[in-house]
Protein chains: 2
Amino acid sequence: MIGRQMASSLERRTGVSLWRQITDQILHSIAVGEFAENAALPPEVALAERYGVNRHTVRSAIAALVQDGVLRAEQGRGTFILSRKRLSYPIGSRTRFSEGLQGQALERRSVLLVSVVEPASRRVAEGLGLAKGSNVIRLETRGEADGQPVSRATSWFDAGRFAGIDAAMAETGSVTASLERFGIGDYLRQSTVLSARHADAADLADLDLQPGAIVLVTVAVNVTPDGQPIQFAETRFPAERVELKLSAL
Amino acid sequence: MIGRQMASSLERRTGVSLWRQITDQILHSIAVGEFAENAALPPEVALAERYGVNRHTVRSAIAALVQDGVLRAEQGRGTFILSRKRLSYPIGSRTRFSEGLQGQALERRSVLLVSVVEPASRRVAEGLGLAKGSNVIRLETRGEADGQPVSRATSWFDAGRFAGIDAAMAETGSVTASLERFGIGDYLRQSTVLSARHADAADLADLDLQPGAIVLVTVAVNVTPDGQPIQFAETRFPAERVELKLSAL
DNA sequence: AAAATTTGTCTATTGATTTAGACAATTATA
DNA sequence: TATAATTGTCTAAATCAATAGACAAATTTT
């Protein structure tokens, strides 16, 4: 049991409804292994007592998780956990989307949603070592594992050097493969900054999340082996489906 | 501007109240630099239109942020951003609490909240390479920078090998210094797993957060240079005050 | 077959959130 | 000084969240 397993007290009058807080608690209990996979959840009356709320409030929480495909309720029998383990996404100096998930998912791919050419913002320009306002290509992509969205990335490339990378991405569905066409055989992750926040409306839609969901956010710069920046990217991972494993190197 | 800067539409009937969603949006806008520091926020009427809600709903959001010390409202003038920048906490194979924050905070320390001896859970036993049920020392600590809580850690040590580490922690206020007393001159971070969730009631209190706040969670194993596990730890960082910078991976 | 357990549905009531409108109080601007 | 812009306060109504109780429906246990 990680952390204090305390009286699970909920907070009222906080802008986050009780049923919503309870869905978080249940998800956490599943993740920590307190509610075993494929087993039944404690009955509604027991949960209501445990959380100190009315049975109907627990039912709202359960209904949301059923809707979300995490639980299945059967009248007369109980409510069962449909174990969807979180993917463990490796992150380190040689992070590649598809490589890392080997063995955890059967089918993985990266879908190109949007590509546009635009002037670089100050932040992007700094990351790529370009003058502010230089043209950059922005790619919006979604990563999927076994058909379920597991990441949502916005990445920028120097438009001069990588003209046509959008077409390559659409065709190959892989950043690594696309960069090879521009003579980049190897690249490294120079820096990664990590944060977390509530998913915005766009990510909710793209990642198929329920409102209020949390995303892990990485902001990274990829460079060639000799230190030349080639890609600046912000990636959002749904915290309920993904954990990031920092690989020692 | 990172990500799509879209019509900031909010989601209704989600268990997260609109004013609560708006506080998140405002915090995000500050973090991204859209609302500059020490400047005035757009007036309430403008924000209400932008988010598509009533002015009073925006006022609730602002009231929460004023309460939280992020904003200051002045009648007749406007609402101003006080916003302390987020700390950038380095994390890598040689992460030390105090070293990493050099130059970002004047005063930093680690406070021991609780220490108990208890039998190891399966998860802790696996992390430390002990038999399940072996006695371990659990330390609950809070990290502070300039008086503000920035981390909340739960860590476990083999009770046989590190008897008295609680006293050493209380005295020195440092894991590194305490381990030195047990002949551990150097240690490395073997693995780190990263996730995010809503803060539970205990962390809300210890980290001085408003309900609904998000925490970044790291689960790490520290080992001696020859690979012997010495510490298993789960640390929670308030996402609104801290970002993690992955270094030297 | 009967009893107990558990989820599903319904009605009613109370409290919190959101909208709406009006106007006061304070500060900046013309 | 007058006007405009902005935050602060109040009242009232509509909608959402939570509590309460009763009973139906399905399943398991006795």
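Below, chain A is the first sequence line, B the second, and so on; all start at residue 1. Just so you know, these numbers use all the heavy atoms, side chains as well, and skip hydrogens, waters and symmetry mates.
Not one side-chain nitrogen or oxygen of A:Arg59 sits closer than 4.0 Å to the OP1 or OP2 atom of C:dT7. Remark: B:Ser17 is not in phosphate contact with D:dC16, judged by side-chain N or O atoms under 4.0 Å from OP1 or OP2. For B:Ser60 and C:dT17, the shortest distance from a side-chain N or O to OP1 or OP2 is not below 4.0 Å.
Considering all non-hydrogen atoms of both residues, B:Gly127 and B:Phe232 come closest at CA-CD1, 3.8 Å. The nearest pair of heavy atoms linking B:Val150 to B:Phe237 is O-CD2, 3.5 Å.
Listed by chain and residue number, B:Glu44 satisfy the salt bridge (Lys or Arg N to Asp or Glu O under 4.0 Å) test with B:Arg59 (two or more places apart in sequence, or in another chain). Residues passing the side chain to side chain contact (heavy atoms under 4.5 Å, CB included) test with A:Ala199 are A:Asp203, A:Leu204, A:Leu209, A:Val215, sequence neighbours excluded. Remark: B:Glu74 engages B:Arg72, B:Arg77 in a salt bridge (Lys or Arg N to Asp or Glu O under 4.0 Å) (not counting sequence neighbours). For the salt bridge (Lys or Arg N to Asp or Glu O under 4.0 Å) test, residues two or more places apart in sequence or in another chain that qualify with B:Asp24 are B:Arg20.
Protein atom CH2 of A:Trp19 is 17 Å distant from nucleotide atom C1' of D:dT19, rounded to whole Å. B:Ile62 places its CD1 atom 9 Å from the C1' atom of D:dT7, with the value rounded to the nearest Å. The distance between atom CD of B:Glu74 and atom C1' of D:dT7, rounded to the nearest whole Å, is 10 Å. Atom-to-atom, CZ of A:Arg72 to C1' of D:dT27 comes out at 14 Å; the value is rounded to the nearest Å. Atom CD1 of A:Ile22 is separated from atom C1' of D:dA18 by 10 Å (rounded to the nearest Å). If you measure from atom OH of B:Tyr51 to atom C1' of C:dT19, you get 19 Å, rounded to the nearest angstrom. As a whole-Å value, the separation of B:Glu44 CD from C:dT26 P is 16 Å.
The existence of a salt bridge linking A:Glu144 and A:Arg142 is confirmed by a sub-4.0 Å separation between a basic side-chain nitrogen and an acidic carboxylate oxygen. Taking the charged nitrogens against the carboxylate oxygens, B:Arg152 and B:Glu140 do have a contact shorter than 4.0 Å, which makes a salt bridge.
Residue contacts shown for A:Thr79 are limited to sugar-phosphate atoms, with no base heavy atom under 4.0 Å away.
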Identify each atom pair where a protein N or O and an N or O of nucleotides 28-30 of chain D are less than 3.5 Å apart, giving names and distance.
from: D:dT28; atom 1: OP1; to: A:Arg77; atom 2: NH1; distance (Å): 3.1

Can you check nucleotides 22-24 of chain C for protein contacts, nitrogen or oxygen pairs under 3.5 Å, and list what you find?
none

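Comparing B:Val45 and A:Asn54 along DNA chain D, the residue whose closest nucleotide (by nearest heavy atom) sits nearer the 5' end is B:Val45.
The environment of CD in A:Glu118 is crowded: more than 12 heavy-atom neighbours from other residues, nucleotides or ligands sit within 6.0 Å.
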